[in-house]
Amino acid sequence: AYIRALNKGWRVSPIGVLDNHNFLNESENQLPPPTFVLAPVLTREAITRAMRQRRTFASWVEGVELRYSVNGFIMGSILDSPDMFNFRIKVNTRNSRQEMIRCIQILRDHSGGEDDVEVAAEILFEGNKTEIVWDPVIEDSSARYFLLRFYHNRDMTDDGNLKSHGSTVSAPVWTGR
(Lines give C-alpha, C1' and ligand atoms only; values in the text may rest on other atoms or scores of the structure.)
Protein backbone atom coordinates (compact mmCIF):
# COMPACT_ATOMS: atom_id res chain seq x y z
CA ALA A 1 0.00 0.00 0.00
CA TYR A 2 2.91 2.36 0.75
CA ILE A 3 4.48 2.08 -2.71
CA ARG A 4 1.06 2.27 -4.38
CA ALA A 5 0.32 5.53 -2.53
CA LEU A 6 3.68 6.99 -3.56
CA ASN A 7 3.15 5.98 -7.19
CA LYS A 8 -0.25 7.69 -7.14
CA GLY A 9 1.49 10.91 -6.14
CA TRP A 10 0.69 10.90 -2.42
CA ARG A 11 3.33 12.41 -0.18
CA VAL A 12 3.44 9.90 2.65
CA SER A 13 6.15 8.21 4.71
CA PRO A 14 6.26 4.71 6.18
CA ILE A 15 5.01 3.67 9.58
CA GLY A 16 5.28 0.27 11.20
CA VAL A 17 2.09 -1.72 10.74
CA LEU A 18 1.05 -5.35 10.75
CA ASP A 19 -1.82 -6.93 8.84
CA ASN A 20 -2.86 -9.37 11.53
CA HIS A 21 -6.44 -10.61 11.47
CA ASN A 22 -6.07 -12.45 14.78
CA PHE A 23 -5.09 -9.69 17.19
CA LEU A 24 -6.25 -11.66 20.24
CA ASN A 25 -3.39 -14.13 19.81
CA GLU A 26 -0.53 -11.72 19.14
CA SER A 27 2.91 -12.86 20.14
CA GLU A 28 6.05 -10.79 20.41
CA ASN A 29 7.04 -11.94 16.91
CA GLN A 30 3.80 -10.56 15.48
CA LEU A 31 4.07 -7.06 16.86
CA PRO A 32 4.30 -4.32 14.23
CA PRO A 33 7.75 -3.00 13.40
CA PRO A 34 8.75 0.19 15.14
CA THR A 35 8.28 3.52 13.40
CA PHE A 36 11.36 5.70 13.75
CA VAL A 37 11.08 9.49 13.60
CA LEU A 38 13.98 11.77 12.69
CA ALA A 39 13.49 14.69 15.10
CA PRO A 40 16.15 17.13 16.37
CA VAL A 41 15.10 16.70 20.03
CA LEU A 42 12.91 14.33 21.99
CA THR A 43 9.89 16.57 22.61
CA ARG A 44 6.28 16.17 21.58
CA GLU A 45 6.50 19.27 19.38
CA ALA A 46 9.67 18.16 17.58
CA ILE A 47 8.37 14.64 16.98
CA THR A 48 5.03 15.92 15.72
CA ARG A 49 6.76 18.37 13.38
CA ALA A 50 9.06 15.64 12.05
CA MET A 51 6.06 13.37 11.39
CA ARG A 52 4.25 16.16 9.53
CA GLN A 53 7.42 16.65 7.46
CA ARG A 54 7.42 12.90 6.69
CA ARG A 55 10.76 12.21 8.35
CA THR A 56 10.09 8.59 9.30
CA PHE A 57 11.29 5.11 8.53
CA ALA A 58 10.04 1.70 9.55
CA SER A 59 12.13 -1.33 10.37
CA TRP A 60 11.64 -4.87 11.62
CA VAL A 61 15.13 -4.40 13.10
CA GLU A 62 14.95 -2.39 16.32
CA GLY A 63 18.53 -1.16 16.50
CA VAL A 64 18.65 0.78 13.23
CA GLU A 65 19.70 4.43 13.11
CA LEU A 66 19.26 6.03 9.70
CA ARG A 67 20.20 9.44 8.36
CA TYR A 68 20.13 10.28 4.69
CA SER A 69 19.96 13.30 2.47
CA VAL A 70 19.76 14.07 -1.22
CA ASN A 71 21.46 17.25 -2.42
CA GLY A 72 21.69 18.25 1.24
CA PHE A 73 17.96 17.82 1.97
CA ILE A 74 16.92 15.15 4.48
CA MET A 75 14.26 12.48 4.01
CA GLY A 76 10.76 13.86 3.56
CA SER A 77 12.02 16.88 1.60
CA ILE A 78 10.79 18.09 -1.79
CA LEU A 79 13.51 19.16 -4.22
CA ASP A 80 13.32 21.65 -7.10
CA SER A 81 13.45 19.20 -10.07
CA PRO A 82 17.21 18.60 -10.36
CA ASP A 83 18.67 16.00 -12.73
CA MET A 84 21.64 15.10 -10.47
CA PHE A 85 21.08 13.56 -7.05
CA ASN A 86 23.93 13.44 -4.53
CA PHE A 87 23.04 11.01 -1.75
CA ARG A 88 24.58 10.90 1.72
CA ILE A 89 23.48 7.72 3.50
CA LYS A 90 24.54 6.85 7.06
CA VAL A 91 23.18 3.77 8.78
CA ASN A 92 24.12 2.19 12.10
CA THR A 93 22.98 -1.10 13.58
CA ARG A 94 23.67 -2.79 16.88
CA ASN A 95 26.33 -5.44 17.13
CA SER A 96 23.86 -8.27 16.58
CA ARG A 97 24.88 -10.32 13.54
CA GLN A 98 21.25 -10.56 12.33
CA GLU A 99 20.86 -6.76 12.28
CA MET A 100 23.94 -5.89 10.21
CA ILE A 101 23.37 -4.55 6.69
CA ARG A 102 23.74 -6.78 3.62
CA CYS A 103 22.34 -4.49 0.92
CA ILE A 104 21.20 -0.90 0.46
CA GLN A 105 18.94 -0.08 -2.46
CA ILE A 106 17.95 3.35 -3.69
CA LEU A 107 14.49 2.93 -5.17
CA ARG A 108 12.55 5.20 -7.49
CA ASP A 109 9.03 5.20 -8.86
CA HIS A 110 8.23 2.66 -11.55
CA SER A 111 6.52 4.02 -14.62
CA GLY A 112 4.82 0.73 -15.47
CA GLY A 113 3.25 -0.46 -12.25
CA GLU A 114 1.33 1.02 -9.37
CA ASP A 115 2.85 -1.40 -6.84
CA ASP A 116 6.37 -1.47 -8.31
CA VAL A 117 9.59 0.43 -7.79
CA GLU A 118 12.81 0.41 -9.78
CA VAL A 119 16.25 -0.03 -8.24
CA ALA A 120 18.17 3.12 -9.18
CA ALA A 121 21.34 2.08 -7.31
CA GLU A 122 22.42 -0.76 -5.07
CA ILE A 123 25.41 -1.73 -2.96
CA LEU A 124 26.11 -5.09 -1.34
CA PHE A 125 28.01 -5.77 1.88
CA GLU A 126 29.41 -8.81 3.65
CA GLY A 127 27.03 -8.23 6.57
CA ASN A 128 29.77 -7.68 9.13
CA LYS A 129 29.67 -3.90 9.75
CA THR A 130 27.62 -1.95 12.28
CA GLU A 131 28.19 1.42 10.59
CA ILE A 132 27.97 2.21 6.88
CA VAL A 133 28.34 5.48 4.95
CA TRP A 134 27.52 5.51 1.23
CA ASP A 135 27.62 8.58 -1.07
CA PRO A 136 26.24 7.58 -4.49
CA VAL A 137 25.37 10.04 -7.25
CA ILE A 138 22.43 9.34 -9.57
CA GLU A 139 21.57 11.18 -12.76
CA ASP A 140 17.85 10.95 -13.53
CA SER A 141 15.49 13.36 -15.27
CA SER A 142 12.20 11.53 -14.76
CA ALA A 143 12.07 10.09 -11.22
CA ARG A 144 9.36 11.51 -8.98
CA TYR A 145 10.85 10.22 -5.74
CA PHE A 146 13.69 8.19 -4.26
CA LEU A 147 13.60 6.12 -1.10
CA LEU A 148 15.86 3.58 0.58
CA ARG A 149 15.39 -0.11 1.29
CA PHE A 150 17.78 -2.03 3.52
CA TYR A 151 18.37 -5.75 3.68
CA HIS A 152 19.88 -7.09 6.89
CA ASN A 153 21.50 -10.47 7.53
CA ARG A 154 18.08 -11.70 8.67
CA ASP A 155 16.76 -10.96 5.16
CA MET A 156 18.88 -13.64 3.50
CA THR A 157 17.53 -16.98 2.31
CA ASP A 158 19.25 -20.22 3.25
CA ASP A 159 20.96 -20.29 -0.16
CA GLY A 160 22.45 -16.79 0.31
CA ASN A 161 20.02 -14.71 -1.77
CA LEU A 162 18.08 -11.65 -0.68
CA LYS A 163 14.45 -12.22 0.30
CA SER A 164 11.84 -10.34 -1.74
CA HIS A 165 11.47 -7.50 0.79
CA GLY A 166 13.98 -5.85 3.09
CA SER A 167 13.47 -5.18 6.78
CA THR A 168 13.91 -1.40 6.71
CA VAL A 169 12.31 1.20 4.43
CA SER A 170 12.69 4.98 4.52
CA ALA A 171 10.62 8.01 3.72
CA PRO A 172 11.22 9.36 0.23
CA VAL A 173 12.83 12.52 -0.97
CA TRP A 174 10.57 13.86 -3.72
CA THR A 175 12.28 15.26 -6.79
CA GLY A 176 9.77 18.04 -7.48
CA ARG A 177 8.38 16.43 -10.65
Side-chain angles (χ1 to χ4, degrees), residues 2-7 11-16 33-38 54-79 81-113 115-177:
Y2 173 53
I3 298 300
R4 182 179 302 155
L6 292 173
N7 286 340
R11 292 205 169 127
V12 295
S13 65
I15 58 170
T35 299
F36 296 88
V37 180
L38 183 59
R54 299 168 301 275
R55 303 202 195 296
T56 67
F57 65 97
S59 180
W60 288 99
V61 176
E62 288 191 33
V64 177
E65 295 176 10
L66 170 63
R67 306 283 187 274
Y68 92 94
S69 63
V70 180
N71 297 352
F73 294 90
I74 63 175
M75 67 173 121
S77 297
I78 303 169
L79 306 180
S81 303
D83 290 336
M84 293 295 292
F85 301 92
N86 297 289
F87 286 77
R88 176 75 169 166
I89 301 166
K90 294 181 183 181
V91 61
N92 294 304
T93 61
R94 292 187 229 169
N95 289 327
S96 166
R97 180 89 176 129
Q98 288 296 94
E99 296 176 353
M100 293 180 188
I101 302 292
R102 289 302 294 261
C103 176
I104 301 174
Q105 293 179 332
I106 300 174
L107 306 175
R108 60 154 288 174
D109 56 297
H110 189 284
S111 58
D115 290 329
D116 295 328
V117 289
E118 293 179 16
V119 177
E122 175 179 74
I123 188 168
L124 300 172
F125 302 95
E126 294 296 317
N128 59 359
K129 295 182 181 179
T130 58
E131 183 176 330
I132 294 172
V133 176
W134 184 35
D135 296 317
V137 177
I138 296 174
E139 186 172 355
D140 192 309
S141 60
S142 64
R144 294 185 304 154
Y145 64 82
F146 292 101
L147 62 90
L148 305 179
R149 178 168 57 197
F150 297 84
Y151 290 87
H152 302 264
N153 281 331
R154 67 176 13 197
D155 300 321
M156 302 300 291
T157 62
D158 290 338
D159 60 358
N161 293 312
L162 297 173
K163 293 180 180 176
S164 60
H165 297 289
S167 291
T168 302
V169 64
S170 74
V173 168
W174 286 270
T175 64
R177 293 187 182 85

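Worth knowing before you read on, the calculation uses all heavy atoms, side chains too, and leaves out hydrogens, waters and symmetry mates. Each residue takes its place number in the sequence, starting with 1.
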Counterpart residues, side chain to side chain contact (heavy atoms under 4.5 Å, CB included), relative to I123 (two or more places apart): I104, F125, W134
Between CD on residue E65 and CZ on residue F57, distance to nearest 0.5 Å: 8.0 Å
Residues forming a side-chain hydrogen bond (donor to acceptor under 3.5 Å, both in side chains) with S81, sequence neighbours excluded: none
Qualifying salt bridge (charged side-chain N to carboxylate O under 4.0 Å, His left out) pairs with a residue from residues 120-144, counting only residues at least two apart or across chains: R88-D135, R108-D140, D109-R144
Of all pairs that satisfy salt bridge (charged side-chain N to carboxylate O under 4.0 Å, His left out), the ones with a partner from residues 145-171, not counting sequence neighbours: none
Distance, nearest 0.5 Å, that separates CG of L107 from OH of Y145: 8.0 Å
Side chain to side chain, M84 and V137, heavy atoms closer than 4.5 Å: yes
From CA spacing to verdict: side-chain contact (heavy atoms from CB on, under 4.5 Å), N92, T130: CA-CA 5 Å; N92 294 304; T130 58; 5.9 Å; no
Pairing residues for Y2 by the side-chain hydrogen bond (donor to acceptor under 3.5 Å, both in side chains) criterion, not counting sequence neighbours: none
Residue pair V173 / I74: nearest heavy atoms and the distance that separates them: CG2-O, 3.9 Å
Heavy-atom donor-acceptor pair, N71 side chain to N86 backbone, under 3.5 Å: yes
Contact summary for V12 and L6, nearest pair of heavy atoms: O-CD2, 3.6 Å
Partners passing ring-ring contact (aromatic ring centres under 6.0 Å, His included) against F146 (at least two apart in sequence or in another chain): F85, F87
Those residues that, when tested against N128, pass side-chain hydrogen bond (donor to acceptor under 3.5 Å, both in side chains) (two or more places apart): none
Pairwise distance CG(N153) to OG(S167) - rounded to 0.5 angstrom: 10.0 Å
Any I3 side-chain heavy atom under 4.5 Å of L147 side chain: yes
Pairwise side-chain contact, L66 with L148, heavy-atom cut-off 4.5 Å (strictly under): yes
Any N161 side-chain heavy atom under 4.5 Å of M156 side chain: no
From CA spacing to verdict: side-chain contact (heavy atoms from CB on, under 4.5 Å), Y151, Q105: CA-CA 8 Å; Y151 290 87; Q105 293 179 332; 3.5 Å; yes
Residues forming a side-chain hydrogen bond (donor to acceptor under 3.5 Å, both in side chains) with R177, sequence neighbours excluded: D83, T175
Side chain to side chain contact (heavy atoms under 4.5 Å, CB included) against S13, all qualifying residues, sequence neighbours excluded: R54, T56, A171
Gap between atom OG1 of T93 and atom CD1 of I132 - 0.5 Å precision: 7.0 Å
Check: Y68 and I106 side chains under 4.5 Å, non-hydrogen atoms: no
